[in-house]
Number of protein chains: 2
Amino acid sequence: MDKQISQAVIRRLPRYYRYLGELLDDGVERISSNDLSKRMHVTASQIRQDLNNFGGFGQQGYGYNVAYLHDEIGNILGVNETHNVIVIGAGNLGQAIAGYVKFERVGFKIIGLFDTNPELDGKMVRDLPIRMLDELPDFIKNNDVEIAALTLPKANAKSTALKLVSLGVHAIWNFAHVDLDDIPDVVIENVHLSDSLMQLSYNITKQNK
Amino acid sequence: MDKQISQAVIRRLPRYYRYLGELLDDGVERISSNDLSKRMHVTASQIRQDLNNFGGFGQQGYGYNVAYLHDEIGNILGVNETHNVIVIGAGNLGQAIAGYVKFERVGFKIIGLFDTNPELDGKMVRDLPIRMLDELPDFIKNNDVEIAALTLPKANAKSTALKLVSLGVHAIWNFAHVDLDDIPDVVIENVHLSDSLMQLSYNITKQNK
DNA sequence: AAAAGTTTGTCAACAAATTAACAATTTATA
DNA sequence: TATAAATTGTTAATTTGTTGACAAACTTTT
């Protein structure tokens, strides 16, 4: 058992989830892989192949029930449970991420915001106080922190990540532009805005040739 | 000619560029694909294969000259020229992106920040005034705007993107969580933070099984 | 100056991912 | 209720991407 699912498939799941959510909002009850493929600009075959990694959610001659499939993918992604999140680095990006998780993302709850700058100590960002980094050990001990978003300069990212892991944080959502992939016992998701912007730049440059 | 380079390769280029930049900062003069592969945790074969899509930058028996290769990849990515950027949506994320591009990314210059909320009109974000969206046509006419970062609610994303394209913007860096891939004559780079967080969630959930 | 050691660029082999095809099954229609 | 149409799950074929291998070319050592 425990067939290994490729990251290529995992990367597509949130997109399916998003489209199914929209269909749900639009009151669509059922959809075939063919119809969905047209909306999403992917092949129907890929949709069926992807979904079948996790089980047979459809029915021949009928298609997929939108509400059911949406919920099932939600389960697979783990967004039907709540994950507590703290943000390390209360700069612009940190505050933006904190606000984003708070207002937009069900399944995630933002419970703490930390920084090293003493001038920010106690300052409220919406209804969360900015705390100093030395409060981290106690805070994590007293709260069930699952995910830490790292929105701080790359110089401090690695050491902070190691500290977080040693304190019991299971997952890091890394916005610092440095790779954090050789840390054991933790799940890392890198968001390299820098890389993304360069990819855009490449595609512009290519087009102008 | 004009061999099509796969997106898999393009996605790796910024990472090479980043590592080469660090080597450069550390004063390293030359590096072999083998040494680089160990640092980056990829195969040497992949590095050589990737680079050779664009030309023979190395030399047998010697390896790659760090400064030269860094510069060449910079050229390929188009980050050795300056691209003007405007940000549409002056919320937290918009301000964070504006600040990020301004202070961190050479090759990109942030020249405008727009919003629809009249209360924000004229407010300064660092040294940039927030402008109203109806100033866009004139602004774009008078400035060489290449990239627009979209940091606004998804409801307005598509229509705003279409408007931007009709005004002559070539590229969109899209942070709204909606796909903007069926717009012609424009290069789109989607940054779906939402998808990224769900991938993280999946990997946590998977690990707990 | 010759020999030994490195390391690239590239071709070939292999692996992974995507797409196509279709039998089995269900739904819809007559 | 029988027939036609639709659509999945799954296997097979194809395409794409990655890794291995090695001759050719360069660098370093003796």
Practice problem: Would you kindly give the CG-to-P distance between A:Asn65 and C:dT26, to the nearest whole Å? | Solution: 16 Å

Exercise. Answer yes or no: does a side-chain N or O of B:Asn34 lie under 4.0 Å from OP1 or OP2 of C:dT7?
Key: no

Quiz prompt | Nearest listed nucleotide, side chain of A:Arg48, among C:dC22, C:dT19, D:dT7 | solution = C:dC22

Quiz item: How long is the line joining CZ of A:Arg11 and C1' of C:dA16, in whole Å?
Solution: 13 Å

Practice problem: Could you check how far CZ of B:Arg12 sits from P of D:dG17, rounded to whole Å? | Solution: 9 Å

Quiz item: What's the CD1-P distance between B:Ile47 and C:dT8, to the nearest Å?
Solution: 9 Å

Quiz item: Which sits closer to the 5' end of DNA chain C, A:Gln46 or A:Gln59, going by the nucleotide each is nearest to?
Solution: A:Gln46

Practice problem: Report the nucleotide, chosen from C:dT8, D:dT8, D:dT10, that has the shortest atom-to-atom distance to any side-chain atom of A:Tyr64. | Solution: D:dT8

Exercise. Using atom CG of B:Asn53 as one end and atom C1' of D:dT18 as the other, report the distance to the nearest whole Å.
Key: 12 Å

Quiz item: Would you say B:Ser33 reaches C:dT8's phosphate, i.e. side-chain N/O to OP1/OP2 under 4.0 Å?
Solution: yes

Quiz item: For the pair made of CG in B:Asp50 and P in D:dT18, what is the distance, rounded to whole Å?
Solution: 7 Å

Exercise. Pick base, sugar-phosphate or nothing for B:Thr43, based on heavy-atom distances below 4.0 Å to the nucleic acid.
Key: sugar-phosphate

Exercise. Please tell me which of the listed nucleotides, D:dT27, C:dT10, C:dT26, lies nearest to the side chain of B:Gln49?
Key: C:dT10

Quiz prompt | Main-chain N/O of B:His83 paired with B:Glu146 side-chain donor or acceptor, under 3.5 Å | solution = no

Practice problem: Find which nucleotide of DNA chain D each of B:Val42 and A:Ser32 is nearest to by heavy atoms, and output the residue with the more 5' nucleotide. | Solution: A:Ser32

Quiz item: Touch check for B:Ser45, heavy atoms < 4.0 angstrom, all strands: base, sugar-phosphate only, or nothing?
Solution: base

Practice problem: Look at the aromatic rings of A:His70 and A:Tyr17 and report parallel, tilted or perpendicular, splitting at 30° and 60°. | Solution: parallel

Quiz item: Considering only D:dT8, D:dT19, C:dG9, which nucleotide approaches the side chain of A:Gln60 most closely?
Solution: D:dT8

Quiz prompt | Result of checking B:Asp179, B:Asn190, B:Thr151, B:Asp181 against B:Asn174 for side chain to side chain donor-acceptor pair (under 3.5 Å) | solution = B:Asn190

Quiz item: To the side chain of A:Arg30, which of D:dT11, C:dT27, D:dT28 is closest?
Solution: C:dT27

Quiz item: Looking only at side-chain N and O atoms, does B:Ser6 come under 4.0 Å of OP1 or OP2 in D:dT16?
Solution: no

Exercise. Measure from CG on A:Asp35 to P on D:dA6 and round the result to the nearest Å.
Key: 11 Å

Quiz item: Can B:Arg18 and A:Ser194 be counted as having a side-chain donor-acceptor contact under 3.5 angstrom?
Solution: no

Quiz item: Are B:Arg30 and B:Tyr62 in a cation-pi setup, meaning NZ or CZ lies under 6.0 angstrom from the ring centre and within 45 degrees of the ring axis?
Solution: yes

